[in-house]
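Along the sequence shown, residues carry numbers from 1. On a predicted model such as this, the values are computed, not experimentally measured, just so you know.
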Amino acid sequence: MRQLIGSGTRWEPIVGYSRAVRAGNMVFVSGTTATGPDGRVVGVGDAGAQTRQALENIRAALAKAGARLEDVVRTRIYVTDISRWDAIGRVHGEFFADIRPATSMVEVRALIDPDMLVEIEADAIISTG
């Protein structure tokens, strides 16, 4: 079984990707940013707010795939300014304090929109028991 989950962002058809892909009991969520339902960046200038929105977007993609945050085993966090790690990390911790997935936080030169400060990927394994 392969299920493609879209988010409706303008980049998906241009680049040719899905917000998430479920294959069997595994779900892979693409790099997710702080875009709101209108496609605009939420929390411009606020790395913590952007982290929160990105994780809410991940939660929504997981739900469409039949998964939950509790199924997440790995996240990857890309940031444009590593000095903001504390604000970003604290919000990640609010979502994953008890789940504790493997994670990385890496500084990158830029994201697709200059207002974007954070992009997060997530991998999940849906428990069968």
Nearest heavy-atom approach of A47 to L117 is N-CD1, 3.7 Å

In terms of hydrophobic clustering (I, L, V, M, F, W, Y; side-chain heavy atoms under 4.5 Å; direct or indirect links), are V79 and F96 co-clustered? yes

In terms of hydrophobic clusters joined by side-chain contacts under 4.5 Å, are M105 and F95 together? yes

Indicate yes or no: at least one non-hydrogen side-chain atom of T35 is less than 4.5 angstrom from one of M116. yes

Spell out, yes or no, whether L111 and V106 are grouped together once hydrophobic residues are joined by side-chain heavy atoms under 4.5 Å, including indirect joins. yes

Considering residues at least two apart in sequence or located in another chain, which fulfil the side-chain contact (heavy atoms from CB on, under 4.5 Å) criterion with V21? R2, L4, S18

Are there over 12 heavy-atom neighbours, none belonging to D98, within less than 6.0 Å of that residue's CG? no

Side-chain donor-acceptor pair present, N57, Q53, cut-off under 3.5 Å: yes

Check whether any side-chain heavy atom of I77 lies under 4.5 Å from a side-chain heavy atom of W85, and answer yes or no. no

Grab the two heavy atoms, one from P101 and one from R74, that are nearest each other, plus how far apart they are. CB-N, 3.7 Å

Can a donor-acceptor pair be found, under 3.5 Å and without considering hydrogens, that links the side chain of Q50 to the backbone of D115? yes

Can you name the one residue among V42, D38, V44 that meets side chain to side chain contact (heavy atoms under 4.5 Å, CB included) with R40? D38

Are side-chain heavy atoms of I99 and L69 found at a separation under 4.5 Å? yes

Minimal non-hydrogen separation, G48 against V91, with atom names: O-CG2, 3.6 Å

Check: R22 and I126 side chains under 4.5 Å, non-hydrogen atoms: yes

Rounded to the nearest 0.5 Å, what's the gap from OG1 on T32 to CZ on R59? Could you check? 13.5 Å

Within the distance-only criterion (no hydrogens, no angle test), does the side chain of T51 pair as donor or acceptor with the backbone N or O of A49 below 3.5 angstrom? no

Nearest 0.5 angstrom please: I58 CD1 to S7 OG, how far? 11.5 Å

Side-chain contact test, heavy atoms from C-beta onward, threshold under 4.5 Å: evaluate it for T33 versus V41 and give yes or no. no

If hydrophobic clusters are built from ILVMFWY residues whose side chains come within less than 4.5 Å, do F28 and Y78 share one? no

Could you measure the distance from the OG1 atom of T80 to the CZ atom of R109? Nearest 0.5 Å is fine. 11.5 Å

Minimum heavy-atom distance T103-R76, with the two atoms named: OG1-N, 4.3 Å

Once you round to the nearest 0.5 Å, how far does CG of D71 lie from CG of D123? 12.0 Å

Minimum heavy-atom separation for R19 and G6, please, with both atom names. CB-C, 4.1 Å

Shortest non-hydrogen contact between K64 and Q3, atoms and distance: O-NE2, 3.2 Å

Count I, L, V, M, F, W, Y as connected when their side-chain heavy atoms are under 4.5 Å apart, and connections chain through other members. Are V118 and I82 then in the same cluster? yes

